[in-house]
Amino acid sequence: MLHLFIIRICLMENNVVALNQGYDHSFQAREQLLIERLAHFDELIVSFSGRLESCYSIDLCRASGAKIRAITLDNPTRSRSEVARARRYCQHFGIEQWVIKTDEVIFCDRSPHVVVQIDPIRALLAHLQTHPEWSHLPLLLSGSVEERDDYLGKFGSLPANTIWFFADNGVMSRDFRYGFNKRQLDRWGKGSNGCLSNRFTSSRQLDPRYLRMVDQAEQMLADMELDEAQVFFHTLCDCSTILARVRLPEHQRAQAFDRQSDILSALKSTEFDLVTLDMAQQERHDLAI
């Protein structure tokens, strides 16, 4: 019986390895095909938010040998850690980057509670039109198949002079995540929890001050090695007490329980009154630009 048990364990381990190796091999072949197709572009502007999708996209563009420039829309809904990651990447590889700093709250997500949204891609293109040296170049977007379909459902059409290369080649959100981790792109900085506007239940709460509170709180948690934390913003029925609802993946919750007093102190320093821990799983509903 023990002999059979050991054989079964070995077979299971071999199956897992074989499956991973097979998927990895097919993924590498597909990735190489994407790089070869990207090499046909002479020059591109790459929308580079610092999120994992855009990190993977620009890394393949760079590997293709195409001449690239990066454009980053830095507005209050954008995480500081992601903007910093984009800067570090461009500085290291000598990529010309244009960071557009704006206080305008432009939603880069698919949050159902936001009724009226500014089209983030057309907003980006409007900025490009003010830059003659850049305006004639096509804008490559890192959107997946799901994100492109969602964008079409919300805004009706794809803007002119944009290239949805990855969506056109069937790249799904899970492929971006796999590629990002395989190429170890988190070495340029942790943090890829998406548009900060996802942390609010009402668009009326989307004030630059509150967005900064959420961003600072998430950065503090990241400094405590809770780098996958999301901080959701709530006001209680008295309309003055502000609550931070911290959502963590299951593997980081025990660590959070052990550091409750540190977390409470840190988040109160960002002007939150109360802090709770959410036991639900993380969700993502953002559009990569």
Side-chain angles (χ1 to χ4, degrees), residues 20 48-59 72 74 76-89 107-111 142-144 146-147 172-201 210-234 242-270 272 274-289:
N20 286 342
F48 191 21
S49 65
R51 284 186 50 222
L52 64 87
E53 291 86 352
S54 66
C55 287
Y56 181 66
S57 299
I58 202 168
D59 209 51
T72 302
D74 181 6
T77 70
R78 193 82 275 146
S79 165
R80 297 301 89 211
S81 60
E82 292 173 350
V83 173
R85 179 161 63 188
R87 285 183 185 274
R88 280 192 291 271
Y89 186 95
F107 307 114
C108 305
D109 64 5
R110 310 198 292 268
S111 298
S142 56
S144 64
E146 302 98 319
E147 289 170 335
M172 310 292 285
S173 294
R174 64 177 180 271
D175 299 322
F176 278 114
R177 289 192 292 273
Y178 187 86
F180 176 89
N181 291 314
K182 180 163 183 59
R183 297 178 82 88
Q184 299 181 336
L185 294 172
D186 62 348
R187 65 183 180 273
W188 303 108
K190 299 289 185 180
S192 57
N193 284 331
C195 187
L196 295 177
S197 59
N198 276 316
R199 314 296 196 270
F200 296 79
T201 57
Y210 294 152
L211 286 159
R212 283 193 294 271
M213 286 171 58
V214 168
D215 193 22
Q216 289 172 3
E218 291 188 357
Q219 288 185 68
M220 287 185 170
L221 292 174
D223 290 340
M224 297 180 189
E225 300 183 351
L226 300 170
D227 58 333
E228 295 182 55
Q230 292 181 327
V231 176
F232 293 85
F233 183 98
H234 297 275
I242 301 176
L243 179 143
R245 176 168 59 88
V246 179
R247 179 178 292 176
L248 289 161
E250 189 172 356
H251 68 274
Q252 290 187 343
R253 289 177 193 160
Q255 183 181 354
F257 276 114
D258 291 341
R259 302 194 64 181
Q260 291 180 58
S261 60
D262 294 336
I263 292 171
L264 180 61
S265 176
L267 269 59
K268 278 196 169 187
S269 73
T270 65
F272 282 104
L274 301 172
V275 180
T276 63
L277 180 62
D278 188 345
M279 303 301 288
Q281 295 299 314
Q282 294 195 49
E283 298 177 359
R284 294 187 54 151
H285 298 288
D286 43 313
L287 171 67
I289 64 165

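Just the heavy atoms: all of them, side chains too, but no hydrogens, waters or symmetry mates, feed the values below. In this chain, residues are counted from 1 in sequence order.
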If you round to the nearest 0.5 Å, how far is [atom2] of [Y] from [atom1] of [X]?
{"X": "Ser269", "Y": "Met220", "atom1": "OG", "atom2": "CE", "result": "3.5 Å"}
{"X": "Glu82", "Y": "Cys55", "atom1": "CD", "atom2": "SG", "result": "8.0 Å"}
{"X": "Leu248", "Y": "Leu221", "atom1": "CG", "atom2": "CG", "result": "7.0 Å"}
{"X": "Gln219", "Y": "Met224", "atom1": "CD", "atom2": "CE", "result": "12.5 Å"}
{"X": "Glu228", "Y": "Gln252", "atom1": "CD", "atom2": "CD", "result": "5.0 Å"}
{"X": "Asp215", "Y": "Ser81", "atom1": "CG", "atom2": "OG", "result": "6.5 Å"}

Side chain to side chain, [X] and [Y], heavy atoms closer than 4.5 Å:
{"X": "Phe200", "Y": "Leu211", "result": "yes"}
{"X": "Leu52", "Y": "Leu185", "result": "no"}
{"X": "Tyr56", "Y": "Asp175", "result": "no"}
{"X": "Gln230", "Y": "Asn198", "result": "no"}
{"X": "Arg88", "Y": "Arg187", "result": "no"}
{"X": "Val275", "Y": "Gln260", "result": "no"}

Return the set of residues passing side chain to side chain contact (heavy atoms under 4.5 Å, CB included) with [X] (not counting sequence neighbours), or none when no residue passes.
{"X": "Ala217", "value": "Val231, Leu267, Thr270, Phe272"}
{"X": "Ser173", "value": "Ser144, Glu146, Arg177"}
{"X": "Gln255", "value": "Glu225, Leu226"}

Could you please spell out the steps behind the side chain to side chain contact (heavy atoms under 4.5 Å, CB included) verdict for Arg78 and Thr72? CA-CA 10 Å; Arg78 193 82 275 146; Thr72 302; 5.6 Å; no
Ring pair (Phe, Tyr, Trp, His ring centres under 6.0 Å) filter on Tyr210, not counting sequence neighbours, yields Phe233
Start with the C-alpha gap between Phe176 and Ser57, add the side-chain angles, then the distance that decides, and say whether side chain to side chain contact (heavy atoms under 4.5 Å, CB included) holds. CA-CA 8 Å; Phe176 278 114; Ser57 299; 3.5 Å; yes
Using the salt bridge (Lys or Arg N to Asp or Glu O under 4.0 Å) criterion, which residues pair with Asp74? Sequence neighbours excluded. Arg80, Lys101
Who pairs with Arg212 by salt bridge (Lys or Arg N to Asp or Glu O under 4.0 Å), at least two apart in sequence or on another chain? none
Tell me whether [X] contacts the main-chain N or O of [Y] through its side chain, where contact means a donor paired with an acceptor under 3.5 Å.
{"X": "Arg85", "Y": "Gly50", "answer": "yes"}
{"X": "Ser265", "Y": "Ser261", "answer": "no"}
{"X": "Thr77", "Y": "Leu196", "answer": "no"}

Taking all non-hydrogen atoms of both residues into account, name the closest pair between Ile263 and Ala256 and its distance. CD1-O, 3.7 Å
Tell me the closest heavy-atom pair linking Asp278 and Arg253, and the distance in Å. O-NE, 4.2 Å
For Arg247 and Arg199, run side chain to side chain contact (heavy atoms under 4.5 Å, CB included): C-alpha distance rounded to whole Å, both residues' side-chain angles, the deciding distance at 0.1 Å, then the answer. CA-CA 10 Å; Arg247 179 178 292 176; Arg199 314 296 196 270; over 6 Å; no
